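Below is one structure; the comments refer to it alone.
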Amino acid sequence: MQAKKRYLLLFSAGACLVLLFCFGGIQVPLSRRGPSRRDDRNLAGYHLGARWRPLPGYLQPFSPWEQDRSDDLDEHISPRQKRDTLSGLYTGKRCRMESCFDFSMCERNGFKVYVYPQLKGEKLSESYQNILSSIEDSRFYTPDPGKACLFVLSLDTLDRDQLSPQYVHNLKAKIQSLPLWNGGKNHIIFNLYSGTWPDYTEDLGFDIGLAMLAKASISTENFRPNFDVSIPLFSKDHPRTGGERGYLKHNTIPPYRKYMLVFKGKRYLTGIGSDTRNALYHVHNSEDVVLLTTCKHGKDWQKHKDARCDRDNAEYDKYDYREMLYNSTFCLVPRGRRLGSFRFLEALQAACVPVMLSNGWELPFSEIIDWNTAAVIGDERLLLQIPSTVRSIHQDKILSLRQQTQFLWEAYFNSVEKIVLTTLEIIQDRVLLHTSRSNLMWNCLPGGLFTLPQYSTHLRDFPFYYAKLGIKPHPKFTAIIHVVTPLVSQSQPVMKLLVAVAKSQYCAQVMVLWNCDKPLPAKHRWPATSVPVIVIEGESKVISSRFLPYDTIPTDAVLSLDEDTVLSTTEVDFAFTVWQSFPDRIVGYPARSHFWDSNKERWGYTSKWTNDYSMVLTGAAIYHRYYHYLYTTYLPASLKTMVDQMSNCEDILMNFLVSSVSKLPPIKVTQKKQYKETMMGQSSRASRWADPDHFAQRQTCMNKFANWFGTMPLVHSQMRLDPVLFKDQVSILRKKYRDIERL
């Protein structure tokens with residue numbers, strides 16, 4: 001009896017298995033192929049920016065097996081289209097710097113970039129022209145292909161959508177005919193749009209060979225690590241230089257805004273990119289989560305509209321996009337037809353923390369930027385969890401995220417020039433690996449574009465990281481006195497100045513920069529001092545030579561002085577003490593200001609004593625020696641040549657540079673009332689200051705410099721630092737810097 005029951009049970013189980021197999025309940029694997037690279041990533045918990053450690057509290061990636069979306073699309077592509085796509089996309093797919101880049105081309109002349117001359121009859125889009133102009137205006141550019149390490153095409157490759165009016169035809173043949181193409185080796189191709197309707201693949205329509213791609217909307221599947229560069233999608237209106245500042249004017253505590261999460265954009269009814277945006281209405285609540293879409297785009301949108309279109313369109317028109325953007329804590333950035341979106345840069349600028357919903361997108365500059373510190377990396381498949389996830393983020397973290405969006409926007413994204421320069425700097429770090437930047441340099445103020453590793457790879461050598469490292473600058477300074485008049489008397493102001501500076505307890509040495517046409521005075525003509533006095537002749541006797549990065553400067557701080565400056569030892573000591581607390585700024589005595597002249601529609605320069613200032617002249621100022629290196633290597637030759645020809649404005653240019661790097665004003669310290677004005681009758685150099693053209697030249701310089709920087713970097717300040725007890729009603733004997741009050 002028991003045996004019959006067992007046989008009956010086995011028979012029933014077998015029948016159930018047969019039925020399940022017939023109706024598709026059990027699928028038998030028909031291939032021995034293991035999981036794909038993409039599947040491996042999912043099983044390992046891979047997500048965007050996997051090289052960075054994910055932060056707790058963010059959306060975790062969904063990890064079940066997933067079939068590649070492209071399998072569904074292949075059913076509608078002809079064999080010829082498949083061949084063309086594969087030839088354009090996968091040739092050189094295994095390229096890395098070690099296998100597809102010729103490092104020997106960079107050994108002799110360093111990292112130089114050559115731009116092909118524009119071919120006759122070839123038109124360039126405004127965006128691509130901006131890219132080429134940014135390269136040609138940079139310190140990397142060389143007009144000699146024989147000196148180049150990297151090559152950039154003059155053929156417009158930005159828009160490879162065949163339906164676009166910017167599409168360049170016969171690009172494959174044109175590129176292959178270039179004599180320097182060499183299969184694409186040591187070339188970089190810039191691209192914003194690839195593929196076309198309906199599938200929008202990443203095919204460029206030609207074989208890129210061994211060339212690198214600087215591409216927007218590139219997928220992690222096709223991105224070649226340590227070879228390609230992911231760039232942001234930017235509009236044709238994106239400024240070439242300068243760019244606007246971020247919109248975080250002040251830190252509000254707590255950092256919440258009117259809306260928690262917003263989005264406003266197109267909804268695609270069919271085709272790739274439609275899934276996520278079509279589902280946004282599920283989490284829209286019209287209160288703190290406002291996610292708006294419209295079907296009203298394209299010529300035949302009414303043919304495809306669904307039951308929700310009219311209601312969505314009406315809701316869409318009720319809200320102003322800019323008002324939402326500037327008043328929301330988080331901004332949703334879902335994928336569109338392509339992985340990238342204009343919403344990404346818009347959110348960064350608005351200090352609205354991006355919530356990324358674009359699975360498989362290699363985020364812009366992911367090689368250097370830790371996006372976990374500035375964005376929330378979401379998953380399209382977990383859309384319904386987004387509101388609860390962003391609400392769970394602590395307000396301290398929100399403030400940190402918003403602050404980082406502003407830094408990244410202004411450091412790398414607010415102009416075409418910065419996007420291009422960041423791309424080139426990333427490649428240069430790969431080529432010159434022994435002098436590459438650290439992650440901290442890229443992800444902290446002032447950013448990688450202003451921390452040049454050719455100067456040093458040690459954080460302690462820069463003026464920006466002392467607080468992070470818990471150290472202080474070198475406790476001494478080097479004084480550099482700029483001399484342009486002959487030495488005829490021991491009573492000249494330069495002699496008194498040298499003695500006063502050398503008496504400072506913080507002075508390590510004094511350098512006299514001899515830019516006079518007369519021969520160097522004999523050594524015995526200089527006064528005896530307790531610190532070394534080094535006299536060197538200026539290079540070419542030009543005024544910019546005062547800012548050269550001399551190897552004879554052993555200290556972090558440089559005290560820059562004009563020969564007719566009148567300062568006491570006490571004033572020098574106090575200024576240096578202040579600088580030690582602000583090593584990234586210019587600290588000094590003579591202050592000047594700038595203003596916008598609305599009548600002439602230009603920037604103006606003033607030396608009047610007012611309630612604010614934006615410059616401290618380098619005739620009596622202390623700053624970090626790194627700014628000598630930046631002045632020499634970062635600024636274009638055209639600006640330095642203009643300064644040298646006029647023998648004027650070098651101090652203004654240095655203030656532009658330092659404020660552009662620090663985003664902060666200089667610091668004025670207490671001094672006697674007069675500076676240059678009292679010296680005009682005491683020196684043969686007085687003719688320079690009495691010259692009526694001198695002031696007009698400085699007005700011109702202000703506008704020339706602002707034009708090159710693309711913006712006005714100078715920042716106004718109303719702060720002056722005085723010694724403690726300065727002019728207080730206490731005994732003079734109790735005051736440390738008592739001599740300042742007597743001046």
Side-chain angles (χ1 to χ4, degrees), residues 435 450-466 471-484 494 497-515 520 523 526 529-563 565 567 569 572-573 575-580 582-588 616-635 640 643 650-651 653-655 657-658 661-662 666:
T435 56
F450 286 124
T451 50
L452 305 185
Q454 293 74 29
Y455 171 77
S456 176
T457 56
H458 299 291
L459 295 175
R460 64 177 177 271
D461 292 332
F462 295 89
F464 319 113
Y465 309 113
Y466 292 122
I471 61 176
K472 294 183 179 180
H474 191 280
K476 301 268 186 183
F477 66 81
T478 298
I480 300 180
I481 304 177
H482 184 231
V483 179
V484 296
V494 65
L497 177 64
L498 195 155
V499 172
V501 171
K503 287 181 180 178
S504 171
Q505 59 180 313
Y506 304 113
C507 184
Q509 71 176 26
V510 178
M511 288 177 54
V512 177
L513 180 61
W514 189 260
N515 267 348
L520 278 171
K523 188 175 182 180
W526 300 101
T529 62
S530 59
V531 298
V533 176
I534 303 173
V535 182
I536 59 175
E537 289 201 72
E539 183 178 312
S540 305
K541 305 292 186 181
V542 295
I543 200 167
S544 288
S545 63
R546 69 186 302 174
F547 296 139
L548 288 175
Y550 295 103
D551 293 334
T552 50
I553 302 176
T555 59
D556 293 332
V558 174
L559 171 60
S560 176
L561 298 164
D562 286 344
E563 62 180 345
T565 299
L567 285 179
T569 304
V572 171
D573 286 349
F576 179 70
T577 303
V578 172
W579 176 85
Q580 287 181 303
F582 305 94
D584 57 339
R585 304 206 221 176
I586 297 177
V587 175
V616 167
L617 303 186
T618 54
I622 302 177
Y623 48 81
H624 198 280
R625 64 176 176 174
Y626 175 60
Y627 291 122
H628 276 209
Y629 184 83
L630 271 187
Y631 187 98
T632 303
T633 59
Y634 180 81
L635 295 176
K640 290 179 287 187
V643 164
E650 83 288 353
D651 47 1
L653 184 55
M654 179 59 87
N655 273 271
L657 175 63
V658 176
V661 173
S662 67

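Everything numeric here is computed off the predicted structure, so don't read it as measured data. Just so it is clear, the values below take in all heavy atoms, side chains as well, and ignore hydrogens, waters and symmetry mates.
When all heavy atoms of Thr555 and Ala508 are compared, the closest pair comes out as CG2-CB, 3.8 Å. The minimum heavy-atom distance linking Ser545 with Tyr550 is given by the pair O-OH, 2.6 Å. Residues Ser662 and Asp584 share a closest heavy-atom pair of CB-O, 4.0 Å. The heavy-atom pair separating Thr457 from Thr435 by the smallest distance is CG2-CA, 3.7 Å. Scanning all heavy atoms of the two residues, the minimum distance from Val501 to Ala479 falls at CG1-CB, 3.5 Å. Here the shortest heavy-atom pairing between Leu548 and His628 reads O-ND1, 2.9 Å.
Residue Tyr506 is tested with Val572, Thr577, Thr569 for a side chain to side chain contact (heavy atoms under 4.5 Å, CB included); the sole match is Thr577. Of the candidates Val483, Leu567, Ile480, Leu561 forms a side chain to side chain contact (heavy atoms under 4.5 Å, CB included) with just one, namely Leu567.
With ring centers used as reference points, Phe462 lies 6.0 Å or more from His624.
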Exercise. Applying side chain to side chain contact (heavy atoms under 4.5 Å, CB included), run through Phe547 and Thr618 and close with a yes or a no.
Key: CA-CA 10 Å; Phe547 296 139; Thr618 54; 3.6 Å; yes
Self-check item: Check against side chain to side chain contact (heavy atoms under 4.5 Å, CB included), Glu563 and Leu497
Solution: CA-CA 8 Å; Glu563 62 180 345; Leu497 177 64; 6.0 Å; no
Quiz item: Could you go step by step and tell me if Asp556 and Tyr466 meet the side chain to side chain donor-acceptor pair (under 3.5 Å) rule?
Solution: CA-CA 12 Å; Asp556 293 332; Tyr466 292 122; 3.2 Å; yes
Practice problem: Please assess Tyr455 against Thr633 for the test side chain to side chain contact (heavy atoms under 4.5 Å, CB included), listing each intermediate value before the final yes or no. | Solution: CA-CA 10 Å; Tyr455 171 77; Thr633 59; over 6 Å; no
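Using cut-offs of 30° and 60° on the angle between ring planes, the pair Tyr626 and Tyr629 is parallel. Taking the six-membered ring where tryptophan is involved, the planes of Trp514 and Trp526 are perpendicular, since the angle between them exceeds 60° and thus also 30°.
More than 12 heavy-atom neighbours from other residues, nucleotides or ligands sit within 6.0 angstrom of NZ on Lys640. Heavy-atom neighbours of Lys472 NZ from other residues, nucleotides or ligands within 6.0 Å: at or below the threshold of 12.
Between Pro666 and Asn655, some side-chain heavy-atom pair lies under the 4.5 Å cut-off. Within the 4.5 Å cutoff, the side chain of Val512 has no heavy atoms near those of the Ile534 side chain. The shortest distance between side-chain heavy atoms of Ile543 and Asn515 does not fall below 4.5 Å. No side-chain heavy atom of Val587 sits under 4.5 Å from any side-chain heavy atom of Val616. Considering only heavy atoms from C-beta on, Thr529 stays 4.5 Å or farther from Val510 through its side chain. Under the 4.5 Å side-chain criterion, counting only non-hydrogen atoms from C-beta, Leu559 is not in contact with Phe576.
Between the CZ atom of Phe477 and the CD1 atom of Ile553 there is a distance of 13.0 Å, given to the nearest 0.5 Å. Put simply, CE on Met511 and OG1 on Thr552 are 3.5 Å apart, with the number rounded to the nearest 0.5 Å. Taking NE2 from His458 and OH from Tyr465, the interatomic distance works out to 14.0 Å, rounded to the nearest 0.5 Å. To the nearest 0.5 Å, atoms CD1 (Ile622) and CD (Gln580) are separated by 9.0 Å. Note that CG of Leu630 and CE of Met654 are 8.5 Å apart. Values are rounded to the nearest 0.5 Å. Between atom OG1 of residue Thr451 and atom CZ of residue Phe464 there is a gap of 7.0 Å, rounded to the nearest 0.5 Å.
Qualifying ring pair (Phe, Tyr, Trp, His ring centres under 6.0 Å) partners for Tyr627, counting only residues two or more places apart in sequence or in other chains: none.
Judged by distance alone, with hydrogens and angles left aside, the side-chain atoms of Thr565 form a donor-acceptor pair with the main-chain N or O of Gly619 at under 3.5 Å.
Salt-bridge formation is detected for the pair Asp562/Arg546: a Lys NZ or Arg NE/NH1/NH2 atom is positioned less than 4.0 Å from an Asp or Glu carboxylate oxygen.
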